[in-house]
Amino acid sequence: MIDGFGIADSLGQMARHVLALADERGETQLQLFGHSMGGRVAAEVLRIAPDRVTHLALVSSGLSPAMPGEAEKRESMQRFGYEKGYEALVDRWMGILLSEDETGAPYADNFRAMCIAQGQAVFDAHNRALLARPPFAELLSAFTGPVLSMTGEHDRMAPPAEHEAIAEHAPVSALLVIEGAAHLITLQRAEEVNTAIARWLA
C-alpha cells in the first residue's frame, strides 16, 4: 500500500516513488492495484518497469489522455478552492465522487477529513499530474499479465464504458462493473472488491 504521493505533480514521479518503495522492501515482481489516480500511477510503473509487473488491476480509473475541456474544468475547481476555501472545494468534489445513497455513509466523513488534511497544494499538484497523463492503450495491449478492470455502475469519473475499453485492450482481462456502486468503490463495496481481487490473484 502507498501512503500518498505528497506534492508530486507528475505520474512519472509517483511511479518512481512506487518503484523505490518496492526496492526498499525487496519486491522485484509487482502485482499492482490502482484505484482512480492510482490506476494511472500503476500504468506508469508498467511503462517504466514492464519486466517487474506480473498483474495489473485498474479500478475506477481509465486509459485515455486528458479529454477536451478537462483542463478548464479542473482549473475551475482549483479556483473555487481559492475563492471559497478548500473545505468547500472538497465538499463540491465529494458531490461528484459519491452517489446519492452514500450521503451519511460511515466512510464519507473519514474520506472528507483525509481530503481536507491533504490541502489545496496537493490537490493542485495532482491535477497537474492528471492533465499531463499520457495515453495508455498501446502499452496495455502489449501487457500479457492478467488485468482486472473494475468500476461502479454509477461512477461518473470512470464510467463503465471506460473500463470496457480497458478490458478490450488487455489481452488477458476480466471486466467487473459493480451494480449500484460509484467512484469510491473500495469503500462502498469492499467485500465485492476483495472477492474480485482474490480471483485476479488466483
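Side-chain atoms of Q31 never come within 3.5 Å of backbone atoms of L56 as a donor-acceptor pair (strictly under, hydrogens ignored). A donor-acceptor distance shorter than 3.5 angstrom exists from the side chain of H126 to the backbone of G6, with no hydrogens or angles considered. Side-chain atoms of T151 come within 3.5 Å of backbone N or O of A158 as a donor-acceptor pair. A distance-only check finds no donor-acceptor pair linking the side chain of R74 to the backbone of R128 [under 3.5 Å].
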Evaluate the criterion side chain to side chain contact (heavy atoms under 4.5 Å, CB included) for residue pair E162 and S149; output intermediate values, then yes/no. CA-CA 9 Å; E162 184 77 6; S149 178; over 6 Å; no
Output, in order, the C-alpha distance, side-chain angles, deciding distance and verdict of side chain to side chain contact (heavy atoms under 4.5 Å, CB included) for Q78 and N127. CA-CA 9 Å; Q78 289 175 241; N127 262 345; 3.3 Å; yes
Would I185 and D155 satisfy side chain to side chain contact (heavy atoms under 4.5 Å, CB included), going step by step from the backbone distance to the final call? CA-CA 9 Å; I185 192 172; D155 192 331; over 6 Å; no
Would you please test E44 and R40 for salt bridge (Lys or Arg N to Asp or Glu O under 4.0 Å) and show each step? CA-CA 6 Å; E44 285 307 296; R40 303 289 186 169; over 6 Å; no
Would V193 and L176 count as a side chain to side chain contact (heavy atoms under 4.5 Å, CB included) if you check the C-alpha gap in whole Å, the side-chain angles of each, and the deciding distance to 0.1 Å? CA-CA 9 Å; V193 170; L176 178 60; over 6 Å; no
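Across every non-hydrogen atom of S61 and S36, the tightest pair is OG-O, 3.0 Å. When every heavy atom of R133 is checked against every heavy atom of A66, the shortest pair comes out as NH2-CA, 3.4 Å. The nearest pair of heavy atoms linking S99 to Q188 is OG-NE2, 3.7 Å. The two atoms that bring A196 and M150 nearest to each other are CB-SD, 3.8 Å, heavy atoms only.
One distance of note links CZ of R47 with CG of L139; it measures 5.0 Å at 0.5 Å rounding. Distance CZ/R189 to CG/L184: 13.0 Å, rounded to 0.5 Å. Going from atom OG of S173 over to atom CD of E168 covers 8.5 Å, rounded to the nearest 0.5 Å.
Side-chain contact of D124 with Y82: a donor-acceptor pair under 3.5 Å is present, judged by distance alone. For the residue pair Y107 / E102, a side-chain donor-acceptor distance below 3.5 Å is found, with atom types taken as modelled.
Counting heavy atoms from C-beta on, the side chains of F111 and L97 come closer than 4.5 Å. Side-chain atoms of V41 and V18, non-hydrogen and from C-beta on, do get closer than 4.5 Å to each other. Put simply, the side chain of Q13 reaches to within 4.5 Å of the side chain of S10, judged on heavy atoms. Using a 4.5 Å heavy-atom cutoff, the side chains of R52 and L19 are in contact. A 4.5 Å side-chain heavy-atom check between E138 and P135 finds every atom pair outside the cut-off. A 4.5 Å side-chain heavy-atom check between K84 and L89 finds every atom pair outside the cut-off. Side chains of L58 and F136 form a contact here, defined as non-hydrogen atoms less than 4.5 Å apart. Between V177 and H163 the shortest side-chain heavy-atom distance does not fall below 4.5 Å.
The existence of a salt bridge linking R79 and E72 is excluded, since no basic side-chain nitrogen approaches an acidic carboxylate oxygen closer than 4.0 Å.
Ring pair H154/H183: centre-to-centre distance not below 6.0 Å.
Neither M114 nor M37 shares a network with the other; the hydrophobic side chains, linked directly or stepwise wherever heavy atoms of I, L, V, M, F, W or Y lie under 4.5 Å apart, form separate groups for each. Each of V59 and L32 belongs to its own hydrophobic cluster when Ile, Leu, Val, Met, Phe, Trp and Tyr are linked at side-chain heavy-atom distances under 4.5 angstrom. A continuous path of Ile, Leu, Val, Met, Phe, Trp and Tyr side chains, each step under 4.5 Å between heavy atoms, connects L11 with V53, placing both in one hydrophobic cluster. Hydrophobic clustering, with ILVMFWY side chains joined whenever heavy atoms are under 4.5 angstrom apart, keeps L201 apart from F143. There is a path of hydrophobic side-chain contacts, each under 4.5 Å, that joins L63 to M14.
Remark: R92 qualifies as a cation-pi partner of F80 under the 6.0 Å distance and 45° angle criteria applied to the six-membered ring.
Heavy atoms of other residues, nucleotides or ligands lying less than 6.0 angstrom from CD of E100 number 12 at most.
For the pairing with V147, the side-chain contact (heavy atoms from CB on, under 4.5 Å) check across L175, I166, V172 returns one residue only, I166.
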